[in-house]
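Just so you know, these numbers come straight off a predicted model, no measurement behind them.
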Amino acid sequence: MDKISATEETEGQDSSTPYAGSSSSASSSTDSLDTLEFDDNRESIYNRLAALIDIIPPTTRRLISSKVSGAASIIMRAGNKLKSVLWIISTSTLLAVLPLAFVLEKEANSRAIEIGRDMMERHEGVEVLVGRPLPYPAVEPHEL
């Protein structure tokens with residue numbers, strides 16, 4: 001008999017809603033919305049954004065997640081390839097250009113030394129012609 005009475009009680013209630021029956025906690029609550037206090041300091045922006053996730057359906061979330069992860073993997077692969085290419089270019093440049101720079105610097109130094117020697121020879125030649133030392137080195141007008 002006990003089973004029949006329990007079945008009769010549940011037949012009158014709609015079991016599809018969580019608030020079924022007249023004695024549910026939602027209908028017997030004595031708090032009104034005006035008496036409830038909401039503390040803005042407890043809820044952060046992250047919590048608010050996390051609550052918005054429930055608005056987007058799970059299939060759409062999976063689709064967005066797969067698109068974002070696919071784009072991230074493409075960007076990562078492209079970054080790795082770019083890193084390799086930049087490494088190859090920089091090491092090749094160092095191996096090819098650095099010796100060339102040293103040769104050009106050596107040539108510029110030898111040229112400057114040659115110009116200095118030439119100026120000294122001209123200065124000495126003028127001293128021999130004049131017979132006395134000049135107070136300044138002799139410089140041709142076209143060299144100024």
Side-chain angles (χ1 to χ4, degrees), residues 3 6-144:
K3 286 185 178 182
T7 310
E8 290 175 324
E9 287 178 10
T10 57
E11 284 178 2
Q13 298 175 356
D14 185 15
S15 62
S16 65
T17 63
Y19 303 110
S22 62
S23 65
S24 72
S25 63
S27 63
S28 66
S29 175
T30 58
D31 292 338
S32 68
L33 292 176
D34 295 335
T35 61
L36 294 176
E37 292 183 20
F38 181 72
D39 188 14
D40 284 336
N41 295 332
R42 286 187 307 170
E43 189 173 25
S44 67
I45 293 175
Y46 175 76
N47 291 339
R48 289 183 181 193
L49 291 175
L52 291 175
I53 289 176
D54 295 334
I55 294 173
I56 301 170
T59 56
T60 307
R61 279 187 275 170
R62 279 192 296 269
L63 179 68
I64 292 171
S65 175
S66 67
K67 296 290 182 181
V68 168
S69 65
S73 68
I74 289 172
I75 290 171
M76 291 295 289
R77 279 188 269 146
N80 285 337
K81 294 290 183 186
L82 182 65
K83 181 175 65 171
S84 298
V85 167
L86 288 176
W87 174 256
I88 291 169
I89 289 173
S90 64
T91 54
S92 300
T93 302
L94 283 174
L95 291 174
V97 174
L98 202 58
L100 179 65
F102 285 140
V103 168
L104 291 176
E105 183 180 356
K106 185 176 179 181
E107 184 178 323
N109 274 344
S110 66
R111 195 169 200 186
I113 291 172
E114 184 180 318
I115 289 173
R117 282 186 194 154
D118 189 37
M119 298 249 325
M120 289 299 291
E121 287 175 0
R122 286 184 184 176
H123 183 69
E124 290 172 0
V126 170
E127 286 178 358
V128 170
L129 288 175
V130 174
R132 60 185 167 89
L134 295 175
Y136 54 88
V139 178
E140 297 292 324
H142 69 277
E143 290 180 341
L144 293 174

Atom pairs and distances, donor-acceptor, side-chain atoms in residues 105-114, under 3.5 Å, two or more places apart:
from, atom 1, to, atom 2, distance (Å)
Ser110, OG, Lys106, O, 3.4
Ser110, OG, Glu107, O, 2.8

Side-chain polar contacts of residues 89-101 - donor-acceptor pairs under 3.5 angstrom, sequence neighbours left out - could you list them?
from, atom 1, to, atom 2, distance (Å)
Ser90, OG, Leu86, O, 3.0
Ser90, OG, Trp87, O, 3.0
Thr91, OG1, Trp87, O, 2.9
Thr91, OG1, Ile88, O, 3.1
Ser92, OG, Ile88, O, 2.8
Thr93, OG1, Ile89, O, 2.6

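Not a single side chain to side chain contact (heavy atoms under 4.5 Å, CB included) links Ser65 to another residue, sequence neighbours left out. Remark: Leu49 pairs with Ile45, Leu52 by the side chain to side chain contact (heavy atoms under 4.5 Å, CB included) rule, at least two apart or across chains. Applying the side chain to side chain contact (heavy atoms under 4.5 Å, CB included) test to Asn47 and every residue at least two apart in sequence or in another chain returns Glu43, Ser44.
Pairing each heavy atom of Arg61 with each of Ile56, the nearest pair is NE-O, 3.1 Å.
A distance of 8.5 Å separates CE of Met76 from NZ of Lys83, quoted to the nearest 0.5 Å.
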